[in-house]
Amino acid sequence: MNFRQSIIEGLVPLTQFPATKIADLLEIPPQSQLGDYAFPCFLLAKTLRKAPPVIASELASQLGQSLDFIDRIEAVNGYLNFFIKRQLLVSQSIQEALRQGDHLGSSTLGAGQTVLLDFSSPNIAKPFHVGHAFTTILGNSLSKIYRHIGYQTVRINHLGDYGTQFGKLIVAFRLWGDATALDIHPIQELLRIYVKFHDEAKENPDLEAEAREQFRLLESGLPDQVALWQKFRDLSLKEFDIVYKRLGVEFDSYAGESFYSDKIPAIVEWLNEKHLIEDSEGAQVVRLDEQKLPPCIILKSDGSTIYASRDIAAVIYRQQTYNFAKNIYVVGTPQALHFKQVFGVLEKAGFEKAKDCLHVGFGLVKFADRKLSTRSGDVILLEDLLSESVDKTLEIIRSNAAIRHPDMPEADMLAIAEKIGIGSVIFTFLKNGRERDIVFSWEEMLDFEGDSAPYVMYTYARARSILRKADQEGIDYLHVDPAKLRLLGSDDEFALAKLLESFSQVIEKAASVNEPFMVVRLVCNLARTFNKYYHHESIMKTQAVDLRDARLALVAACSSGIKAALNLLGIDAVERM
RNA sequence: GGGUCUAUAGCUCAGUUGGAUAGAGCAACAGCCUUCUAAGCUGUGGGUCGGAGGUUCGAAUCCUCCUAGGCUCGCCA
């Protein structure tokens, strides 16, 4: 039974409002003492010409006993407050949670529709630094959230694997490259010669010209140039893969800039046919005055392509290949204008799916404390960040294990530290609204108390610990008689059940605004409420066996809820810690 | 200068599309381990929602102006 829907249906005949209107108005009170659902009567005041409190109390008595799942209805301050029968909500919510298990909150909302997520997209031959972490972690989480509610997803890593920079690398590698170093630390070596190229080019401008020539030769397909480029690309990807594996991120496509290189002429031709392109200061541009946007450059004055033209080609290709319902770009907010222009050109060209293209932006990563371990230049490698976090976690695990789990094998501690350490990093990026800048500090990221990945994971481990004990005693808490579940109804139990019940709504909301932090807040809430419960009640020592079993069912439901939510963030829960 | 985003507790942030006494976490202070994991729990203090007007039954939320800051504004991506 859907309580919310039933209340809406009950209110339709009494208010004369359409169901959608009521759905908009029906809210969840700020405090649980005020009820489970609330209907504000202020809008009715105008049509009925009565004071809201009067209307509320009239509605309360009219609605009376017609809704059998309602315990009572109160009229307070012009609000109609609904209290659901606790036992009913609790037992229903736990049964549903146990049925869905680790897929709690999943649905078929997006069945038959495909969402494209363009994220991560690092530049080949450049270090994978913390700046890339945000798009990678955010995109990964969004893909999981969309899949959870039934969409098919295509995760696209739009690699920066083309452009004059590769001409530079080819020139630099021939002059100063070290093949052995390239095999061992490919990106380090490529970065070294890239930096050297720029240093040398200051003295010798001919190098720049040579680089442009080499890129031209690469683009025209000369075997030597292509082979070198391919090698740089392969080795870089191999190194990126190490980070992706640690983060648990996978891609369905690595079609990057090089992939679209030969698709651009057709795009230019298409735009020309529509007479959208005009000459401006030597460059070919599409004017976007009517959209109040600056012109979008399609071809540079030397005739070569640019970021925008490649992105336009990519959108067209993706539509033909995937027939997407949504085409999402997980790219930093500084590029907002760029995407507005790209989508603007497509719209102007009459490409209908332009409205389904979406830029999901995120803030900058800034650094509060500068004393971070870096190997090269002033960038912080994501790999180093992950390792640092894992190391710090391992220290804590070691000191805890000495007290609580003297039997824990070294290999387990390492595996757990890896998951918690990486979970902490992921959590740092996903805990707030994505458009906020992240001021990065070790102190905050490695603060494992309160709302943090370790806190949530710890809660899961505690719940699992109880269930292991129940398993040992042979208790079947997954198939508890619904009648027993109605024994639950304390404040904590009710609060937990309500949180579990809210999963699907929260996850759908998170998807609709592309904000994983909503899932973070949900799971933190669940963890906090669970810890409270854990502290108040000794589950396994509950005297009455039926009540104990019901409580175990609730614990099982909560544990799968936490696991499900963590999975949506890209974090792997651990059974012990 | 144009565009755009932001400003909420000492710090980091929420605030369900205009509703009830503005909420969390951290930090501070005071407590709780012979009991399923103390990475936990319980309690206390802490606010002119950047400022000034306006809209209305009602504003952190909408409008105008101002202040401060971020990002961005044609051949990089």
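Note on naming: letters A, B, ... go to the chains in the order of the sequence lines (proteins, then strands), and numbering restarts at 1 for each one. Any value given below was found using the heavy atoms of this structure, including those in side chains, with hydrogens, waters and symmetry copies removed.
- If you measure from atom CG of A:Asn432 to atom P of B:U12, you get 11 Å, rounded to the nearest angstrom.
- The pair A:Arg287-A:Asp289 meets the salt-bridge criterion, with a side-chain N (NZ, NE, NH1 or NH2) lying under 4.0 Å from an Asp/Glu carboxylate O.
- A tilted orientation is assigned to the rings of A:Phe362 and A:Phe134, their planes being inclined by 30° to 60°.
- Rounding to whole angstrom units, CD of residue A:Glu575 and C1' of B:U37 are separated by 14 Å.
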> Just by protein heavy atoms under 4.0 Å, how would nucleotides 70-77 of chain B read 5' to 3' in B, S and -?
Replying inline: SSS-BBSB
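- Straight-line distance between the C1' atoms of B:A7 and B:A14: roughly 15 Å, to the nearest whole Å.
- A gap of 30 Å separates the C1' atoms of B:G69 and B:C75, to the nearest Å.
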Which atom pairs, donor and acceptor, lie under 3.5 Å between side-chain atoms of residues 509-522 of chain A and protein residues at least two apart or in another chain?
{"unit_1": "A:Ser512", "atom_1": "OG", "unit_2": "A:Lys509", "atom_2": "O", "d": "2.9"}
{"unit_1": "A:Asn514", "atom_1": "OD1", "unit_2": "A:Tyr146", "atom_2": "OH", "d": "2.6"}
{"unit_1": "A:Glu515", "atom_1": "OE1", "unit_2": "A:Arg434", "atom_2": "N", "d": "3.1"}

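- Spacing of C1' atoms, B:G46 relative to B:A22, comes out at 14 Å, to the nearest Å.
- For the pair A:Lys541 and A:Lys340, both in contact range of RNA chain B, the more 5′-proximal nearest nucleotide belongs to A:Lys340.
- Comparing the C1' positions of B:C13 and B:G47 gives a spacing of 15 Å, expressed to the nearest Å.
- Nearest to the side chain of A:Lys532, among B:C13, B:C36, B:C41, sits B:C41.
- Residues satisfying the side chain to side chain donor-acceptor pair (under 3.5 Å) test with A:His536, not counting sequence neighbours, are none.
- Using the six-membered ring where Trp is involved, A:His338 and A:Tyr307 have ring planes that are parallel, under 30° apart on the 30 and 60° scheme.
- With a glycosidic angle no further than 90° from 0, B:C33 counts as syn.
- Taking the centre and axis of the six-membered ring of A:Phe17, the NZ or CZ atom of A:Lys21 falls inside the cone set by 45° and 6.0 Å.
- In this structure, A:Phe259 and A:Tyr317 have perpendicular ring planes: the angle between them is above 60°, well past the 30° mark.
- If you check distances only, the side chain of A:Arg404 does reach the base of B:U37 with a donor-acceptor pair under 3.5 Å.
- Note on A:Asn531: every side-chain N or O is 4.0 Å or more away from OP1 and OP2 of B:G40.
- Contact annotation for A:Ile397: base contact, defined as any heavy-atom pair under 4.0 Å involving a base atom.
- Ion pairing between a basic and an acidic side chain is recognised when a charged N comes within 4.0 Å of a carboxylate O; A:Lys498 and A:Asp36 show such pairing.
- Nucleotides B:A24 and B:U56, compared at atom P, are 34 Å apart to the nearest Å.
- We find that CE of A:Met518 is positioned 11 Å from P of B:U17, with the value rounded to whole Å.
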> Dot-bracket, RNA chain B: Watson-Crick or G-U, under 3.5 angstrom, [ ] crossing, | other strand?
Replying inline: (((((((..((((.....[...)))).(((((.......))))).....(((((..]....))))))))))))....
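- Whole-Å rounding puts the A:His535 NE2 to B:G31 C1' distance at 11 Å.
- A salt bridge does not link A:Glu395 to A:Lys392: none of the charged side-chain nitrogens sits closer than 4.0 Å to a carboxylate oxygen.
- Against the 90° criterion about 0, the sugar-base torsion of B:U17 places it in the syn range.
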> For nucleotides 20-27 of chain B, read 5' to 3', which letter fits each nucleotide if B means a protein heavy atom sits under 4.0 Å from the base, S means only the sugar-phosphate is that close, and - means neither?
Replying inline: B--BSSSS
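- With rounding to whole Å, A:Ile438 atom CD1 is found 11 Å from B:U12 atom C1'.
- Atom CD1 of A:Ile55 and atom C1' of B:C57 are 12 Å apart (whole Å).
- Across the C1' atoms, B:G15 and B:G1 are found 35 Å apart, a figure rounded to whole Å.
- If you take CZ of A:Arg436 and P of B:G69, they are 18 Å apart, rounded to a whole angstrom.
- The residue among A:Leu26 and A:Ile539 whose nearest nucleotide of RNA chain B is located toward the 5' end is A:Leu26.
- Between A:Phe343 and A:Phe339, the ring-plane angle classifies as tilted under the 30° and 60° cut-offs.
- No engagement by A:Met457 is indicated, since no non-hydrogen atom pair under 4.0 Å with the nucleic acid exists.
- Remark: A:Arg462 qualifies as a cation-pi partner of A:Tyr534 under the 6.0 Å distance and 45° angle criteria applied to the six-membered ring.
- Using a 30° and 60° split on the angle between ring planes, A:Phe128 and A:His132 fall in the tilted class, from 30° to 60°.
- At a threshold of 4.0 Å, the pair A:Lys532-A:Asp492 does not count as salt-bridged, since none of the basic side-chain nitrogens sits closer than that to a carboxylate oxygen.
- Looking at residues two or more places apart in sequence or on another chain, you find no salt bridge (Lys or Arg N to Asp or Glu O under 4.0 Å) involving A:Glu473.
- OP1 or OP2 of B:U37 has not a single side-chain nitrogen or oxygen of A:Tyr455 nearer than 4.0 Å.
- When heavy atoms are screened at a 4.0 angstrom cut-off, A:Gly433 is found touching the sugar-phosphate backbone but no base atom.
- Nucleic acid contact for A:Pro454: base, since at least one base atom lies under 4.0 Å from a heavy atom of the residue.
- In this structure, the CG atom of A:Leu293 is 13 Å from the P atom of B:G3, given to the nearest Å.
- Distance check on atom P: B:U4 versus B:C66 gives 15 Å, rounded to whole Å.
- B:A60 and B:U17 have their C1' atoms separated by 13 Å, with the value rounded to a whole Å.
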